[in-house]
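What follows is a set of notes on a single structure, which appears directly below.
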Amino acid sequence: MKTLHPSLRIASILFLASTAFSSTGCLYATYPETVDASDFEEFEYRFEGDSCEEGGCPSDSQCAFPIVCRATITREPTGDYSLRLTLLPDEQTPLTELAPRVLTDEDAQWFLELSGNLRINRHPRPFCTIPSQIGVTKEQVVRWDELEFVLLDCDRPRLSHSQVFAITIFVFGLAREPDAETP
């Protein structure tokens with residue numbers, strides 16, 4: 001049986017330890033299960049945090065940029081995907097719901113591909129510091145029909161950090177006004 005050189009073993013252990021101590025304080029960051037949720041009827045992105053729950057910015061620093069508090073993507077009988085967004089545009093404006101619209105084919109295709117290969121972990125993390133114990137009071141929640149995942153909470157099923165990040169960037173990108181069509 002072939003074994004790793006001792007220096008490679010030490011390096012791999014140090015690498016694993018350094019990547020495991022992320023902002024969530026967790027020593028277990030694998031996502032052993034893959035789920036296909038691309039056949040969803042409704043997707044929801046929800047930001048659980050003081051500013052979204054209270055409907056305004058408690059301080060200027062928390063709303064220096066728009067915050068998407070909730071986004072829903074619903075599959076319509078026509079096959080289109082409709083989008084509804086609720087956001088805090090800035091520190092002076094209360095929660096605002098944008099006009100519903102239909103996703104472009106390109107946006108819908110990208111999201112369906114991501115939804116078809118979700119990397120998840122349904123089990124509590126051993127050696128995990130609950131985010132509220134380390135000062136994290138916000139959570140990103142994503143739901144495809146009845147499948148709900150979070151980013152940080154140790155006791156709830158989690159979606160891969162990279163996929164939550166990709167969804168967050170996607171949702172924030174959808175908050176911009178669609179380009180006007182030119183005649």
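In this structure, R158 CZ and F149 CZ are separated by 10.5 Å, a value rounded to the nearest 0.5 Å. Note: E41 CD to E146 CD = 10.0 Å, rounded to the nearest 0.5 Å. Rounding to the nearest 0.5 Å places CG of D80 at 12.0 Å from OG1 of T74. For the atom pair CD1 of I167 and CG of L159, the computed distance is 5.5 Å after rounding to the nearest 0.5 Å.
Under 3.5 Å, the side chains of S162 and R119 contain a donor-acceptor pair of N or O atoms.
A donor-acceptor contact shorter than 3.5 Å links the side chain of Q163 to the backbone of N117.
Note on L87: it clusters hydrophobically with V171, by side-chain heavy-atom contacts below 4.5 Å among ILVMFWY residues. Both L147 and Y81 belong to a common hydrophobic cluster when Ile, Leu, Val, Met, Phe, Trp and Tyr are linked at side-chain heavy-atom distances under 4.5 angstrom.
Classification of the F111-F170 ring pair by plane angle, with boundaries at 30° and 60°, yields parallel.
More than 12 heavy atoms of other residues, nucleotides or ligands lie within 6.0 Å of CD in E76, so this atom counts as buried by the packing criterion.
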- Report the C-alpha distance between L85 and E97 in whole Å, list the side-chain angles of each, state the deciding distance to 0.1 Å, and finish with yes or no for side-chain contact (heavy atoms from CB on, under 4.5 Å). CA-CA 6 Å; L85 288 170; E97 188 163 322; over 6 Å; no
- Output, in order, the C-alpha distance, side-chain angles, deciding distance and verdict of side-chain contact (heavy atoms from CB on, under 4.5 Å) for V142 and F43. CA-CA 7 Å; V142 289; F43 165 81; 4.0 Å; yes
- Task: Begin from the C-alpha positions of Y45 and F172 and carry the test ring pair (Phe, Tyr, Trp, His ring centres under 6.0 Å) through to its verdict.
- Result: CA-CA 11 Å; Y45 167 92; F172 272 71; 7.0 Å; no
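For the residue pair V35 and E33, the shortest heavy atom distance occurs at CG2-OE2, 3.9 Å. Here the shortest heavy-atom pairing between L98 and A175 reads CD1-O, 3.7 Å.
Counting heavy atoms from C-beta outward, D145 and E42 have side chains that approach closer than 4.5 Å. Taking the side chain as every heavy atom from C-beta outward, L118 and W144 approach each other to under 4.5 Å. At least one side-chain heavy atom of L103 sits under 4.5 Å from a side-chain heavy atom of L174. Proximity of F40 to L112: side-chain heavy atoms (C-beta onward) are separated by under 4.5 Å at one or more points. The side-chain heavy atoms of T86 and T72, taken from C-beta on, include no pair separated by under 4.5 Å.
A salt bridge links E148 with R46: the distance from a Lys NZ or Arg NE/NH1/NH2 to an Asp or Glu carboxylate oxygen falls below 4.0 Å.
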